[in-house]
Amino acid sequence: MSNTGTTGTTGTIRRALIIGGGIAGPVTALALRRAGIEAEVFEAYETSADGIGGSFTVAPNGLAALAAVGLAEQVDGVGQLIERMVMEDGKGGAFAEIPLGGRAMRRAELYAVLQQRLREEGLSVRYGKRLVGVEESPTGVTARFADGSTADGDLLIGTDGTRSVVRELIDPAAPGPQYTGLIGVGGHSAHRLDGAPGRGESVHFAQGGRAFFGFWALPGGAGTAWFSNIPQPEQLTAEQARGVSRQDWLALARELHAEDLPARDVLAEADAATVEVFPRLEIMPSVPNWYRGRMVLVGDSVHAPSNSSGQGVSLAVESAVVLARCLESHPDLPSALAAYEAARRPAVEEVAAKAAVVNSRKASAGTGA
Ligand SMILES: Cc1cc2nc3c(=O)[nH]c(=O)nc-3n(C[C@H](O)[C@H](O)[C@H](O)COP(=O)(O)OP(=O)(O)OC[C@H]3O[C@@H](n4cnc5c(N)ncnc54)[C@H](O)[C@@H]3O)c2cc1C
């Protein structure tokens with residue numbers, strides 16, 4: 001990416017308003033800066049999300065996108081290398097290996113890297129700015145926030161996650177996220193996998209009799225990171241989910257994996273204090289309109305392919321970089337946004353379709369379906 005600000009759409013799009021300061025938002029701001037477009041990030045929450053969230057894997061395409069915004073070294077310094085995915089039979093045996101070359105990390109680690117780089121580049125994140133409306137004119141766009149304030153720009157980018165307000169403003173009939181029929185529970189265990197063949201630098205997946213189990217050895221013999229996808233046909237309400245303690249979620253995972261190896265041993269030594277719960281694992285169905293006028297979507301707001309894909313964060317950061325490149329290289333906004341959608345839609349929908357098949361298999365575990 002050049003930094004001239006004189007090529008492509010960047011002649012007319014000088015300032016972007018980015019709605020959502022999660023992962024895609026900061027990466028979009030950094031990518032736009034490299035394309036010569038100034039950006040400001042507006043986050044609904046009053047404070048940053050330092051330290052919040054569980055772990056995810058950034059796949060090679062995601063690492064390449066982060067490298068494109070100058071973060072290769074910083075990202076190499078967090079989490080751990082995952083060279084391959086190993087498919088196991090739930091009894092401790094492996095039956096397939098797939099090369100990966102990604103990194104597993106806590107969301108909070110990547111978030112911290114991004115916040116640090118935004119500060120270094122003088123890019124601001126405004127907290128307590130919940131988008132509630134947008135006014136568009138032929139020459140610009142105005143964002144309206146819940147606190148009564150407004151901000152003006154040439155383009156508004158919705159990186160506001162699966163419950164995106166920008167998606168609704170683009171198309172009030174747009175679909176919302178769909179429940180997969182699965183709950184995600186995960187954490188850390190003191191159990192050491194050392195000694196088992198192929199267990200270093202690999203993420204392992206095992207379909208147990210009643211729930212799906214994923215795990216990987218933490219560096220330096222620090223134990224094992226694990227997660228379980230638990231079938232739950234009836235979606236829990238937020239209140240029901242809040243009523244279940246971390247200890248109870250861990251107890252449920254232990255019960256469901258009592259016959260599975262190495263899940264049973266990993267969970268026996270799991271620490272309840274590290275347990276993170278995602279009571280509703282969701283996907284975004286195909287979104288008909290990715291953009292309208294001066295508004296466009298990036299990340300989970302337009303393509304959340306489910307945790308079964310291992311691609312959520314990677315696709316989000318990749319889309320951020322592709323959007324910036326399209327704005328830089330196309331002569332006007334409509335052609336830049338059309339090129340962005342054309343470049344991304346087929347890839348993200350293919351990933352989502354494959355993940356949907358895996359999800360339905362996981363959700364029917366133990367039902368005989
Ligand atoms: C707190 C948190 C923890 C997470 N933990 C994990 C995890 O452990 N494992 C995993 O695989 N994925 C996790 N995710 C999801 C993961 O980060 C995303 O799937 C992926 O990184 C794509 O990111 P995104 O930026 O598109 O969406 P998100 O990361 O969801 O970010 C969206 C941001 O937009 C903000 N926002 C929403 N509505 C508005 C509005 N109206 N105005 C302004 N801002 C708004 C949200 O507060 C949020 O900060 C987490 C998400 C969040 C928000």
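Here the structure is a predicted model, which means the values were calculated and not measured. FYI, the numbering just counts along the sequence from 1. When a ligand or atom number is given, it counts from 1 through the structure's own listing order.
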Is it the case that the side chain of [X] and the backbone of [Y] share a donor-acceptor pair, with hydrogens and angles ignored and the cut-off at 3.5 Å?
| X | Y | result |
| --- | --- | --- |
| Arg280 | Leu236 | yes |
| Ser314 | Asn61 | no |
| Lys129 | Glu46 | no |
| Asp171 | Ala173 | yes |
| Arg33 | Leu118 | no |

Just to confirm my output: which protein heavy-atom neighbour is closest to [atom], and how far is it?
| atom | answer |
| --- | --- |
| atom 7 (C) of ligand 1 | Phe278 CZ, 3.5 Å |
| atom 10 (C) of ligand 1 | Phe56 CD2, 3.5 Å |
| atom 35 (C) of ligand 1 | Glu43 OE1, 3.3 Å |
| atom 1 (C) of ligand 1 | Ile52 CG2, 3.7 Å |
| atom 13 (C) of ligand 1 | Arg107 CD, 3.9 Å |
| atom 18 (C) of ligand 1 | Asp300 OD2, 3.2 Å |
| atom 31 (O) of ligand 1 | Gly22 CA, 3.5 Å |

Might you confirm whether atom [atom1] of [X] has over 12 heavy atoms from other residues, nucleotides or ligands at distances under 6.0 Å?
| X | atom1 | value |
| --- | --- | --- |
| Glu136 | CD | yes |
| Glu350 | CD | no |
| Glu239 | CD | no |

_Pair Glu341, Val296 - check side-chain contact (heavy atoms from CB on, under 4.5 Å), show working._
CA-CA 10 Å; Glu341 179 179 346; Val296 61; over 6 Å; no
Sub-4.0 Å atoms of ligand 1 with respect to non-hydrogen atoms of [X]:
| X | result |
| --- | --- |
| Lys129 | 42 (N), 43 (C) |
| Phe42 | 43 (C), 44 (N) |
| Tyr45 | 47 (O) |
| Arg130 | 41 (N), 42 (N) |
| Ile19 | 42 (N), 43 (C) |
| Gly54 | 5 (N), 7 (C), 8 (O) |
| Ala24 | 24 (P), 25 (O), 26 (O) |
| Gly299 | 26 (O) |

*asked:* For the 3.5 Å polar cut-off, considering only N or O atoms, please tell me whether Ser301 and ligand 1 meet it.
replied: no
*Taking distance alone, with no angle check, do Leu131 and ligand 1 share an N/O pair under 3.5 Å?*
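Yes; at least one N/O pair falls below 3.5 Å.
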*Pick whichever of Gly158, Gly25, Ser319, Gly161 has a heavy atom sitting closest to atom 27 (O) of ligand 1.*
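Comparing heavy atoms across Gly158, Gly25, Ser319, Gly161, the nearest one to atom 27 (O) of ligand 1 lies in Gly161.
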*Nearest heavy atom to atom 21 (O) of ligand 1 wins, so pick from Asp160, Ile23, Val166.*
Ile23
With a heavy-atom distance limit of 4.0 Å, tell me whether [X] approaches ligand 1 through its side chain, its backbone, both, or neither.
| X | result |
| --- | --- |
| Glu276 | neither |
| Ala44 | both |
| Phe145 | neither |

*Hey, is Ser55 one of the residues with a heavy atom under 4.0 angstrom from ligand 1?*
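Within the 4.0 Å threshold, so yes.
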*asked:* Here's a test for you: under side chain to side chain contact (heavy atoms under 4.5 Å, CB included), which of Val75, Ile23, Leu66 qualifies with Val58?
replied: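 Of the listed options, the one satisfying the test is Leu66.
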*Going hydrophobic residue to hydrophobic residue with side-chain gaps under 4.5 angstrom, can you get from Leu182 over to Val275?*
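Leu182 and Val275: separate clusters.
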*Distance from Leu156 atom CG to Thr142 atom OG1, nearest 0.5 Å?*
9.5 Å
*So, Tyr127 versus Tyr45, ring centres under 6.0 angstrom or not?*
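So the answer is no for these two rings.
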*Describe, in one word, how the ring planes of His303 and Trp290 are oriented to each other, choosing from parallel (under 30°), tilted (30 to 60°) and perpendicular (over 60°).*
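Rings of His303 and Trp290: tilted, 30 to 60°.
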